[in-house]
Amino acid sequence: MITHEAFMKRAIELAKLGAGNVAPNPLVGAVIVHNGKIIGEGYHKKYGEPHAEVNAVNSVKDKSILSECTIYVTLEPCAHFGKTPPCSLLLVKHNFKAVVVGCRDSYEEVDGKGIQILEGAGIDVTLGVLEKECIELNKRFFTFHQKERPYVILKWAQDKNGFIDRDRSNEHKGNQWITQPETKTLTHKWRAEEAAILVGNKTVANDNPSLTVREYTGPNPTRLVIDQKFRLDYGAFNLGDRSVPTYVLTEKKIIGSGNLQFITPESFEIKDILKTIHGLKLNSIIIEGGGTTIQKFIDSNLWDEARILEGVLSCGDGQQAPVLNVEPTEEYMFGLDKVKITYNA
């Protein structure tokens with residue numbers, strides 16, 4: 001007999017297909033089962049579009065049998081009117097026999113209300129199937145609402161000697177590649193999965209990065225630059241590309257236009273920077289440099305995950321990589337480069 005866990009696992013697989021496209025909404029997958037067989041599937045594909053439950057119901061041709069079905073959903077069905085009507089009412093409308101939920105939605109507009117609606121309509125509800133996996137699936141969403149800040153990922157590449165960059169005292173500009181060219185595919189995939197990407201002004205001045213997705217098919221993250229003293233002319237850098245939303249965090253009061261905007265946080269402490277980013281409704285951010293900026297997040301203990309790429313090339317003498325003092329949770333090889341992933345407990 002196929003178990004609850006097997007159907008929920010499939011729902012999780014579906015939910016992951018929405019990565020990079022649904023924020024600030026959560027990733028949600030749904031599977032409809034009739035007499036032990038999957039007859040309908042759906043996932044939340046894009047922010048503002050129908051939710052997973054709607055897409056799953058719409059995939060079933062004969063809706064008269066939905067009253068005999070169980071639907072598996074990775075997250076508690078919503079109970080409020082947002083961009084779309086409440087999914088809990090949709091399930092009541094079709095009189096589902098049972099609803100199996102991966103984890104409860106802690107967002108205050110839902111937080112048990114969806115389950116209450118379902119149970120109030122006489123629908124059998126099972127909660128907590130693969131709960132840990134479903135919470136992990138939406139760690140960005142939960143961090144955004146529970147901690148009122150984005151989920152923070154630190155990312156850097158370092159050479160075999162622990163250097164993140166070459167010596168810049170001679171004003172040398174341009175990228176210092178440490179990892180292999182094919183590793184760009186992985187790092188650009190990471191960018192596509194997050195709502196935003198952030199660097200300091202020195203990284204812009206030294207590397208002139210685009211901070212976009214070019215080696216992987218996916219959406220470009222919103223770009224953010226910390227430039228407290230407003231030292232840069234943004235028309236002179238690749239960030240001048242106005243096709244991607246870009247925010248410069250600066251103490252100067254400057255009026256932006258179009259996709260280039262300037263905002264002033266309460267202070268330039270990391271907690272206030274994250275508060276400002278939270279206000280932009282960006283629920284996850286990958287910090288890509290430079291070393292000083294990344295170290296400030298580490299020292300403030302305001303980070304959730306660190307992704308370190310260790311290359312085989314050498315910078316020679318240069319800037320030391322950030323100091324994490326936490327052992328990696330997992331390590332694996334990506335071609336010739338080593339990937340180390342660390343989670344902040």
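As the structure is a computational prediction, the values presented were derived from the model and not from experiment. Positions are given from 1, in the same order as the sequence printed here.
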Do you know the tightest heavy-atom contact between I178 and F163?
-> CD1-O, 3.8 Å
Does the side chain of L224 come within less than 4.5 Å of I277's, by heavy atoms?
-> yes
Can you tell if the side chain of F96 reaches within under 4.5 Å of the side chain of L66, non-hydrogen atoms only?
-> yes
Give a yes or no answer on whether the side chain of D233 reaches the backbone of G235 with a donor-acceptor pair at less than 3.5 Å.
-> yes
Is V92 close to I117 at the side-chain level, that is, under 4.5 Å between some pair of heavy atoms?
-> yes
Return yes when atom CD of E327 has more than 12 non-hydrogen atoms of other residues, nucleotides or ligands closer than 6.0 Å, and no otherwise.
-> no
Is the number of heavy atoms from other residues, nucleotides or ligands within 6.0 Å of NZ (K9) greater than 12?
-> no
Sidechain-backbone polar pair: S59 side chain, A56 backbone, donor-acceptor under 3.5 Å | yes
Could you tell me whether the side chain of H44 and the main chain of P50 form a donor-acceptor pair under 3.5 Å?
-> yes
State whether K97 and E68 are salt-bridged, where the test is any N-O pair (Lys NZ or Arg NE/NH1/NH2 against Asp/Glu carboxylate O) under 4.0 Å.
-> no
Closest non-hydrogen atom pair, C103 against C134 = SG-CB, 3.8 Å
Do the non-hydrogen side-chain atoms of Q158 and I308 ever get within less than 4.5 Å of each other?
-> yes
Would V99 and T70 satisfy side-chain contact (heavy atoms from CB on, under 4.5 Å), going step by step from the backbone distance to the final call?
-> CA-CA 6 Å; V99 178; T70 297; over 6 Å; no
Starting at OG1 of T292, measure out to CG of N201 and round the result to the nearest 0.5 Å.
-> 10.0 Å
Side-chain donor/acceptor of R149 to backbone N/O of H278, under 3.5 Å | no
Backbone N or O of Y107 within a donor-acceptor pair of the D111 side chain at under 3.5 Å?
-> no
If you look at every heavy atom in P322 and I298, which pair is closest and at what distance?
-> CB-CD1, 3.8 Å
Would you confirm whether D159, through its side chain, and G162, through its main-chain N or O, come within 3.5 Å as a donor-acceptor pair?
-> yes
Start with the C-alpha gap between L302 and V152, add the side-chain angles, then the distance that decides, and say whether side-chain contact (heavy atoms from CB on, under 4.5 Å) holds.
-> CA-CA 7 Å; L302 288 170; V152 176; 5.8 Å; no
Is there a side-chain contact between E288 and T203, using heavy atoms and a 4.5 Å cut-off?
-> no
Indicate if V248 and I226 have the same hydrophobic cluster label, given that clusters are the connected sets of ILVMFWY residues with side-chain heavy-atom separations under 4.5 angstrom.
-> no
Counting only heavy atoms not in K160, do more than 12 sit closer than 6.0 Å to its NZ atom?
-> no
Salt-bridge contact E193-K189 (side-chain N to carboxylate O under 4.0 Å) = yes
If only atom types and distance count, is the side chain of T246 paired as donor or acceptor with the main-chain N or O of V244 below 3.5 Å?
-> yes
Do K113 and E76 meet the salt-bridge criterion of a basic N to acidic O distance under 4.0 Å?
-> no
Check: T185/E215 side-chain N/O donor and acceptor closer than 3.5 Å | no
Is any side-chain heavy atom of F237 less than 4.5 Å from a side-chain heavy atom of L232?
-> yes
Any donor-acceptor N/O pair, S300 side chain to K296 backbone, under 3.5 Å = yes
Measure from the side-chain N and O atoms of N220 to the backbone N and O of V213, and report whether any donor-acceptor pair falls under 3.5 Å.
-> yes
To the nearest 0.5 Å, how far apart are CG in L198 and CD1 in I273?
-> 7.0 Å
Side chain proximity check, I153 to W190, heavy atoms < 4.5 angstrom = no
State, yes or no, whether a side-chain contact exists between R10 and E41 at a heavy-atom distance under 4.5 Å.
-> yes
With K45 as the cation and Y43 as the aromatic partner, state whether NZ or CZ is under 6.0 Å from the six-membered ring centre and within 45° of the axis.
-> yes
Reported CD-to-SG distance for the pair E53 and C78, which is rounded to 0.5 angstrom = 6.5 Å
Please step through side-chain contact (heavy atoms from CB on, under 4.5 Å) for the pair Y151 and N283, ending with a clear verdict.
-> CA-CA 6 Å; Y151 185 86; N283 71 355; over 6 Å; no
Connected via hydrophobic side-chain network under 4.5 Å: I294 and I285 = yes
How close do P77 and S88 get, heavy atom to heavy atom, and via which atoms?
-> CB-N, 3.9 Å
For P221 and I197, which heavy atoms make the closest approach, and how far apart are they?
-> CG-CG2, 3.7 Å
If Ile, Leu, Val, Met, Phe, Trp and Tyr residues are connected whenever their side-chain heavy atoms lie under 4.5 Å apart, and connections chain through other members, are L211 and I287 in the same group?
-> no
Give the table of side-chain donor-acceptor pairs shorter than 3.5 Å for residues 258-268, with sequence neighbours excluded, one pair per line with atom names and distance.
from: N259; atom 1: ND2; to: R242; atom 2: O; distance (Å): 2.8
from: Q261; atom 1: NE2; to: G258; atom 2: O; distance (Å): 2.9
from: T264; atom 1: OG1; to: T250; atom 2: O; distance (Å): 2.7
from: E266; atom 1: OE2; to: K275; atom 2: NZ; distance (Å): 2.7
from: S267; atom 1: OG; to: E269; atom 2: N; distance (Å): 3.2
from: S267; atom 1: OG; to: D272; atom 2: OD2; distance (Å): 2.5

Within 6.0 Å of CD in Q116, more than 12 heavy atoms from elsewhere | no
Between E305 and W303, does any side-chain donor sit less than 3.5 Å from a side-chain acceptor?
-> no
To the nearest 0.5 angstrom, please state how far the CD atom of E194 sits from the CG atom of L282.
-> 11.0 Å
Would you check, one step at a time, whether the test side-chain contact (heavy atoms from CB on, under 4.5 Å) holds for D241 with S210?
-> CA-CA 8 Å; D241 171 13; S210 297; over 6 Å; no
Supply the atom-to-atom distance F144 CZ to S284 OG, rounded to the nearest 0.5 angstrom.
-> 10.0 Å
Does the D227 side chain pair with the main chain of R231, one donor and one acceptor, at a distance under 3.5 Å?
-> yes
Distance col, row L17:CG vs L27:CG, nearest 0.5 angstrom, shows 9.5 Å
Is it possible for you to say whether L75 and L127 belong to one hydrophobic cluster, with membership spreading through side-chain heavy-atom contacts below 4.5 Å?
-> yes
Scanning both residues in full, the closest heavy-atom pair of Y216 with A192 reads CD2-CB, 4.1 Å
Mind checking whether V22 and V54 sit in one hydrophobic cluster, side chains of I, L, V, M, F, W, Y counted as touching below 4.5 Å?
-> no
In terms of the angle between their ring planes, are F230 and Y234 parallel, tilted or perpendicular, with boundaries placed at 30° and 60°?
-> tilted
Please list every donor-acceptor pair under 3.5 Å in which a side-chain atom of residues 332-343 meets a protein atom from a residue at least two apart or in another chain.
from: D337; atom 1: OD2; to: Q180; atom 2: N; distance (Å): 2.8
from: D337; atom 1: OD2; to: T183; atom 2: OG1; distance (Å): 2.5
from: K340; atom 1: NZ; to: E310; atom 2: OE1; distance (Å): 3.2

